[in-house]
Amino acid sequence: HKPTESLQWDQGCIGTANWGGTRLCEFLEAAGFNKENSSVKHVIFEGLDSDSKKRNYCTSIPIERAIDPDCDVLLAYEMNGKPLSRDHGHPLRVIVPGVAGARQVKYLGYIGPLLQQERIKHQLDYVIMSRAKITLSEKEPNSQWQQLLNKAFPPGMDASNLDTTSMPAIQETPVTSAITNLMEGDTIKLHGGKISVKG
C-alpha cells in the first residue's frame with residue numbers, strides 16, 4: 001500500500017459505541033429549514049478545539065446527507081448510555097455514520113441565529129443549551145481541515161505534484177475491518193489447516 005503524507009492510520013481509527021442524541025434532520029426541520037426554498041449546500045460544524053494558531057476545528061457535510069433520515073446523522077450528547085465525556089466531545093458532537101472521522105466534529109460551539117427557535121422542544125432543548133455552532137452555507141468552510149487535509153488522490157499523484165484545494169474532501173469511507181489478533185511479522189501455526197482470525 002502507498003503511505004499517506006501525514007499520519008499513518010494503518011487499518012484506520014476504529015471504535016464502536018451506542019450513541020444517544022438528536023437526529024440532525026429533525027433538528028433542522030424543527031428549526032424551520034426547508035431545502036426546497038434554500039440555496040444551502042453544506043452544514044458546517046465548528047468545534048471548540050483549536051490548533052496552535054487558534055483556528056477552531058471546522059468541517060462540513062453535504063446538506064443532502066444532513067437532512068436524509070436514512071443517514072442517521074446525530075447530534076450526540078450520550079455515549080453508551082452515559083453523558084458524553086470530555087474525551088469524546090462533551091457537551092455535544094456530531095456523528096455521521098459511514099463518513100470519515102474528520103467530519104465527526106467534537107466539542108460543538110454555539111448555535112447560529114437560524115437555529116435559535118423557541119418552538120424547538122423536548123430532546124432538542126439539550127442541543128440548544130449546549131449552544132452548538134452549526135452553520136448552513138452555500139459553500140464548504142475555508143478551514144484547512146476541509147480544504148487542505150483529509151483528501152484522497154489518484155494513485156499517480158502525491159503531495160509534490162498536486163493542488164490539494166482542487167480535490168474533494170473525503171466524505172464516505174468504504175466499510176473496513178481490522179484483524180486484531182495477528183500483527184505484521186507474527187509467526188503463526190496452522191491448526192487443522194486453519195488460522196483463527198479475530199477483529
**Q.** Pairwise side-chain contact, Tyr107 with Arg93, heavy-atom cut-off 4.5 Å (strictly under)
**A.** no
Q: Could you check if a side-chain atom of Leu75 sits within less than 4.5 angstrom of a side-chain atom of Ile95, using non-hydrogen atoms only?
A: no
(Q) On a heavy-atom basis, which atom in Gly21 and which in Tyr77 lie closest, and how many Å separate them? (A) CA-CE2, 3.4 Å
Q) With no hydrogens and no angle check, is any side-chain donor or acceptor of Gln171 less than 3.5 Å from a backbone partner on Ser60? A) yes
Q.
Could you tell me if the side chain of Phe45 sits less than 4.5 Å from the side chain of Thr135, heavy atoms only?
A. no
Q | CG on Asn142 to CZ on Arg55, rounded to 0.5 Å | A | 10.5 Å
Q. Which value, rounded to the nearest 0.5 Å, describes the distance between Lys41 atom NZ and Ser137 atom OG?
A. 10.0 Å
Q) Within the distance-only criterion (no hydrogens, no angle test), does the side chain of Asn181 pair as donor or acceptor with the backbone N or O of Ser196 below 3.5 angstrom? A) yes
(Q) Could you check whether any side-chain heavy atom of Leu136 comes within less than 4.5 Å of a side-chain heavy atom of Ile44, counting everything from C-beta outward? (A) no
Q) Under the side-chain contact (heavy atoms from CB on, under 4.5 Å) criterion, do Leu182 and Ile188 qualify, and how do the steps go? A) CA-CA 8 Å; Leu182 301 174; Ile188 57 173; 3.7 Å; yes
Q) Among the clusters formed by ILVMFWY side chains lying less than 4.5 Å apart, do Val94 and Leu84 turn up in the same one? A) no
Q. Is Lys133 close to Leu108 at the side-chain level, that is, under 4.5 Å between some pair of heavy atoms?
A. no
Q | His88 side, atom NE2; Asn80 side, atom CG - distance, nearest 0.5 Å | A | 8.5 Å
Q.
Could you report the tightest heavy-atom contact between Pro97 and Cys71, atom names first, then the distance?
A. CD-O, 3.5 Å
Q. Taking the side chain as C-beta and beyond, is there a heavy-atom pair between Ile63 and His42 under 4.5 Å?
A. no
Q) So, for Ala66 and Val43, which heavy atoms are closest and what is the spacing to 0.1 Å? A) CB-CG2, 3.6 Å
(Q) Is a donor from one side chain sitting under 3.5 angstrom from an acceptor on the other, for Glu29 and Asn34? (A) no
Q) About how many Å separate CD1 of Ile195 and NZ of Lys189, when rounded to the nearest 0.5 Å? A) 13.0 Å
Q: Take Val73 and Ile61, measure what side-chain contact (heavy atoms from CB on, under 4.5 Å) needs, and give me the verdict at the end.
A: CA-CA 10 Å; Val73 179; Ile61 61 172; 4.1 Å; yes
Q.
Looking at Glu172 and Arg65, is any side-chain nitrogen of the basic one under 4.0 Å from a carboxylate oxygen of the acidic one?
A. yes
**Q.** Shortest non-hydrogen separation from Lys35 to Val40 and the atoms involved
**A.** NZ-O, 3.5 Å
Q) Do the side chain of Lys106 and the main chain of Asp87 share a donor and acceptor less than 3.5 angstrom apart? A) yes
(Q) Between Ser39 and Glu138, do the side chains contain a donor N or O and an acceptor N or O under 3.5 Å apart? (A) yes
Q | Heavy-atom side-chain proximity of Asp49 to Asn56 below 4.5 angstrom | A | no
Q. Under 4.5 Å between side-chain heavy atoms, hopping through other hydrophobics if needed: is there a path connecting Phe27 to Val99?
A. yes
Q: Mind checking the CZ-CG spacing from Arg23 to Leu28? Nearest 0.5 Å is all I need.
A: 11.5 Å
Q: Answer yes or no: is there a side-chain heavy-atom contact under 4.5 Å between Asp51 and Tyr57?
A: no
**Q.** Side chain Gln104, main chain Val96, donor-acceptor under 3.5 Å
**A.** yes
Q.
Nearest 0.5 angstrom please: Leu190 CG to Lys194 NZ, how far?
A. 11.5 Å
